Amino acid sequence: MTKLLLSLHVIAAIIAIGPVTVAASMFPPAVRRASAAPGDRDAWANVTVLHRICRVYAVAGVAVPVFGLATAKNMGVLGDTWLIVSMALTLVAAVVLGALVLPRQSALLEMATPAGSLAPAASGGSVPPAAGDENPIAVPRSATAQLAMFTGIFNLLWAVVTILMIIRPGSTTGA
């Protein structure tokens, strides 16, 4: 059972956390490119898709600690320091994503156009209007830079958690 739970934990991490880290990293430069070409609906559609990937896979990412805790319980390592630190860092990463990254992505999408001027995109989200429809508002570079910083913190936290999961310092269950 432990091998099954561990496999599900690792698969969930790859499938759920991987896309969030990549899409969140791509979001700030995509916003800068789209803001530089406000009439490019495809550029804004890409930004919208990146945001949707982050939101959807963030929810799917809840499976990672669920399977992780089940695995740890089966292995009898719930009290190990490496696991407690990993769980704490996972919680911090979730807070960074939920409180700092996703809301700023949403704010940048809203900031990109005047209120009420977002048009439906083929992907189901909204994109700024085509050139001539409205005058999009330029997105300040400082806003994308701050988002990039928070995204980097989120990614770094997951890198540290991954290293802790592999190395398991002080573990008596083998490395």
Side-chain angles (χ1 to χ4, degrees), residues 8-68 86-163 165:
L8 291 172
H9 173 62
V10 171
I11 289 168
I14 292 168
I15 291 173
I17 305 305
V20 173
T21 60
V22 172
S25 295
M26 293 173 65
F27 189 90
V31 168
R32 286 191 289 269
R33 280 191 302 275
S35 183
D40 186 352
R41 293 178 65 85
D42 288 339
W44 285 108
N46 289 338
V47 170
T48 302
V49 168
L50 289 171
H51 180 55
R52 178 174 297 120
I53 289 168
C54 291
R55 283 191 339 256
V56 169
Y57 283 92
V59 173
V62 171
V64 177
V66 169
F67 286 126
S86 294
M87 290 188 300
L89 292 175
T90 297
L91 178 62
V92 172
V95 169
V96 168
L97 181 64
L100 300 173
V101 174
L102 294 176
R104 279 174 173 75
Q105 286 181 349
S106 295
L108 285 173
L109 281 171
E110 291 173 14
M111 185 187 304
T113 59
S117 65
L118 291 177
S123 61
S126 299
V127 295
D133 292 350
E134 290 278 342
N135 292 324
I137 298 169
V139 175
R141 181 158 176 85
S142 61
T144 60
Q146 185 181 53
L147 175 59
M149 177 190 68
F150 289 130
T151 300
I153 291 168
F154 170 76
N155 291 344
L156 181 62
L157 287 166
W158 275 112
V160 171
V161 168
T162 301
I163 291 167
M165 290 288 147

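Remember, predicted model here, so these are calculated numbers, not experimental data. Sequence positions, counted from 1, serve as the residue numbers for this chain. As a basis for the values below, the full set of heavy atoms in this structure was taken, side chains included, without hydrogen atoms, waters or symmetry mates.
Scanning for side chain to side chain contact (heavy atoms under 4.5 Å, CB included) contacts around Met165 gives His9, Trp82, Leu83, Ser86, Val161, with sequence neighbours left out. Evaluation of the side chain to side chain contact (heavy atoms under 4.5 Å, CB included) rule for Leu157 yields Leu89, Val92, Ala93, Val96, Ile153 as partners, not counting sequence neighbours. Among residues two or more places apart in sequence or in another chain, the side chain to side chain contact (heavy atoms under 4.5 Å, CB included) test is passed with Thr144 by Pro28, Val31, Arg32, Leu108, Val139, Arg141. Applying the side chain to side chain contact (heavy atoms under 4.5 Å, CB included) test to Val22 and every residue at least two apart in sequence or in another chain returns Met26. Thr162 is linked by a side-chain hydrogen bond (donor to acceptor under 3.5 Å, both in side chains) to nothing, counting only residues two or more places apart in sequence or in another chain. Scanning for side-chain hydrogen bond (donor to acceptor under 3.5 Å, both in side chains) contacts around Arg55 gives His51, with sequence neighbours left out.
Identified under the side-chain hydrogen bond (donor to acceptor under 3.5 Å, both in side chains) test for residues 89-104, with sequence neighbours left out: Arg104-Gln146.
Separation of atoms CG (Leu147) and OG (Ser25) is listed at 9.5 Å; rounding is to 0.5 Å. Here the CZ-CG distance, from Phe154 to Leu100, works out to 11.5 Å after rounding to the nearest 0.5 Å.
Heavy atoms only, all atoms of each residue included: Ala58 and Leu97 are closest at CB-CD2, 3.5 Å. Of all heavy-atom pairs spanning Ser35 and Ala138, the tightest one is OG-CA, 3.8 Å. Of all the heavy atoms in Leu102 and Cys54, the pair that sits closest is CD2-CB, 3.6 Å. Here the shortest heavy-atom pairing between Val47 and Ala34 reads CG2-CB, 4.1 Å.
Between Val20 and Trp158 the shortest side-chain heavy-atom distance does not fall below 4.5 Å. Between Phe27 and Thr151, every side-chain heavy-atom pair lies at or beyond the 4.5 Å cut-off.
With a 6.0 Å radius and a threshold of 12 heavy atoms from other residues, nucleotides or ligands, Phe150 has its CZ atom above the threshold.
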Worked verdict on Gln105 versus Val101 for side-chain contact (heavy atoms from CB on, under 4.5 Å)
CA-CA 6 Å; Gln105 286 181 349; Val101 174; 3.9 Å; yes
